[in-house]
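Data first, discussion second: the structure below is written as structure tokens.
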Amino acid sequence: MLGSLISYSPSVNPKTENPDELIAIGVLASLQNFIRKCIVAVLSYGPMPKHIAFIMDGNRRYAKFRSIQEGSGHRMGFSALIASLLYCYEMGVKYITVYAFSIDNFKRDPTEVKSLMELMEEKINELLENRNVINKVNCKINFWGKLDMLSEPVRVAAEKLMASTAENTGLVFSVCMPYNSTSEIVNAVSKVCAERRDILQREDVDNVANNGVHSDISVADLDHHMYSAGCPDPDIVIRTSGETRLSNFLLWQTTFSHLQNPDPLWPEFSFKHLVWAILQYQRVHPYIEQSRNLAKKQL
Ligand SMILES: CC(C)=CCC/C(C)=C/CC/C(C)=C/COP(=O)(O)OP(=O)(O)O
């Protein structure tokens with residue numbers, strides 16, 4: 001069913017036309033599929049994450065180490081992203097969120113920003129062209145962030161993709177771009193304050209004392225105005241390239257998330273790294289649940 005999406009993956013685009021080699025590659029791919037399905041079945045005996053978030057770090061370094069163009073690193077990063085989406089889909093992970101472009105990334109060299117934006121536009125349009133496949137797998141695609149900071153073609157493509165997948169109820173794929181957590185929180189606080197001001201004005205209350213704003217703002221009020229409203233918090237955050245910082249990513253949503261920092265650079269991230277991250281999550285799952293329950297009781 002995911003045929004068109006699978007074709008993004010470099011491993012299924014063999015560079016040979018020799019029939020014997022093609023047969024061998026086909027047999028190997030079937031064997032890999034079978035082994036992957038067995039591993040997923042075994043893994044499913046443990047608690048499975050509902051939501052995995054990725055910080056796709058190390059695309060430029062990958063390009064540098066391989067002596068290829070910087071843009072090729074990001075291109076291979078996109079293939080790794082599609083492969084990870086497929087694996088998560090096979091594993092029944094319903095929510096996948098990625099940090100695709102931080103607001104700070106606009107401070108990078110203008111040529112790099114331009115080429116990254118061109119890549120985003122190309123890939124979002126490619127996803128739009130494949131929206132029949134996306135709809136068949138019932139995948140909803142969100143963009144979280146300050147979309148007004150994007151150039152018009154990227155923003156329009158992102159909005160079209162969101163609108164054309166909005167009714168889907170299966171896999172939820174959220175792309176954070178241009179995003180950072182502090183701006184998401186500030187945005188949510190402003191929206192709650194604006195709502196409260198409207199209520200006070202409607203009720204014609206003398207609101208000079210509290211500057212027009214009710215002071216009893218709750219966690220639930222803010223939750224409601226986060227880009228992530230309606231999504232469970234990530235169970236696992238995976239940041240590749242061994243980096244151990246959250247870098248302003250989902251700070252509001254990661255109180256109980258299990259952090260994993262595998263060494264590979266993002267374009268090298270593969271099924272085995274995902275399996276390892278889930279195994280580590282399953283190992284600590286009882287402690288995470290304990291802390292979550294304790295926090296609920298204290299409220
Ligand atoms: C449409 C869509 C969702 C596209 C996603 C494409 C993609 C893989 C984007 C990653 C962008 C990015 C700035 C990653 C961080 O690596 P880096 O460039 O900072 O590399 P470094 O850590 O080696 O410096």
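The first residue in the sequence is number 1, and the count goes up from there. In listed order, ligands and their atoms are each counted from 1.
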Return the residue, atom name and 0.1 Å-rounded distance of the protein heavy atom closest to [atom].
atom	result
atom 15 (C) of ligand 1	Met56 O, 3.2 Å
atom 24 (O) of ligand 1	Arg60 NE, 2.8 Å
atom 16 (O) of ligand 1	Asn59 ND2, 3.1 Å
atom 4 (C) of ligand 1	Met120 SD, 3.4 Å

Met76 side chain near Arg66 side chain, heavy-atom distance below 4.5 Å: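 Not touching, per the 4.5 Å side-chain cut-off.
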Ring pair (Phe, Tyr, Trp, His ring centres under 6.0 Å) assessment of Phe106 paired with Phe101: CA-CA 8 Å; Phe106 278 117; Phe101 196 87; 4.9 Å; yes
[X], [atom1] atom: more than 12 neighbouring heavy atoms under 6.0 Å:
X	atom1	result
Gln69	CD	no
Phe256	CZ	yes
Lys94	NZ	yes

Please could you name the atoms of ligand 1 that [X] approaches to less than 4.0 Å, counting only its heavy atoms?
X	answer
Ala100	9 (C), 10 (C), 11 (C), 12 (C), 13 (C)
Asp57	22 (O)
Leu81	3 (C)
Asn105	13 (C)

If we only consider heavy atoms of [X], is any one of them less than 4.0 Å away from an atom in ligand 1?
X	value
Ser241	no
Phe101	no
Arg108	yes

Below the 3.5 angstrom mark, is there an N/O of [X], backbone or side chain, next to an N/O of ligand 1?
X	answer
Val98	no
His74	yes
Arg61	yes
Trp266	no
Glu112	no

Rounded distance [0.5 Å steps], CD in Gln280 versus CD1 in Ile236: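 Result: 9.5 Å between the selected atoms.
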With Arg75, the salt bridge (charged side-chain N to carboxylate O under 4.0 Å, His left out) member among Glu122, Glu118, Glu70: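 Answer to the salt bridge (charged side-chain N to carboxylate O under 4.0 Å, His left out) test with Arg75 among Glu122, Glu118, Glu70: Glu122.
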Pair Glu195 + Lys191, salt bridge at N-O below 4.0 Å: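 The answer is no: the pair does not qualify as a salt bridge.
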Ring centers of Tyr179, Tyr99 separated by less than 6.0 Å: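 Here the rings of Tyr99 and Tyr179 have centres that are less than 6.0 Å from each other.
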Ring center gap for His285 and Tyr281 short of 6.0 angstrom: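 Between His285 and Tyr281, the centre distance is under 6.0 Å.
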Selected option - heavy-atom contact closest to atom 6 (C) of ligand 1, from Phe65, Phe54, Phe78: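 That would be Phe78.
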Candidate list Asn187, Asn180, Ile185, test side-chain contact (heavy atoms from CB on, under 4.5 Å), partner Ser183, passing option: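 In the set Asn187, Asn180, Ile185, the residue that makes a side-chain contact (heavy atoms from CB on, under 4.5 Å) with Ser183 is Asn180.
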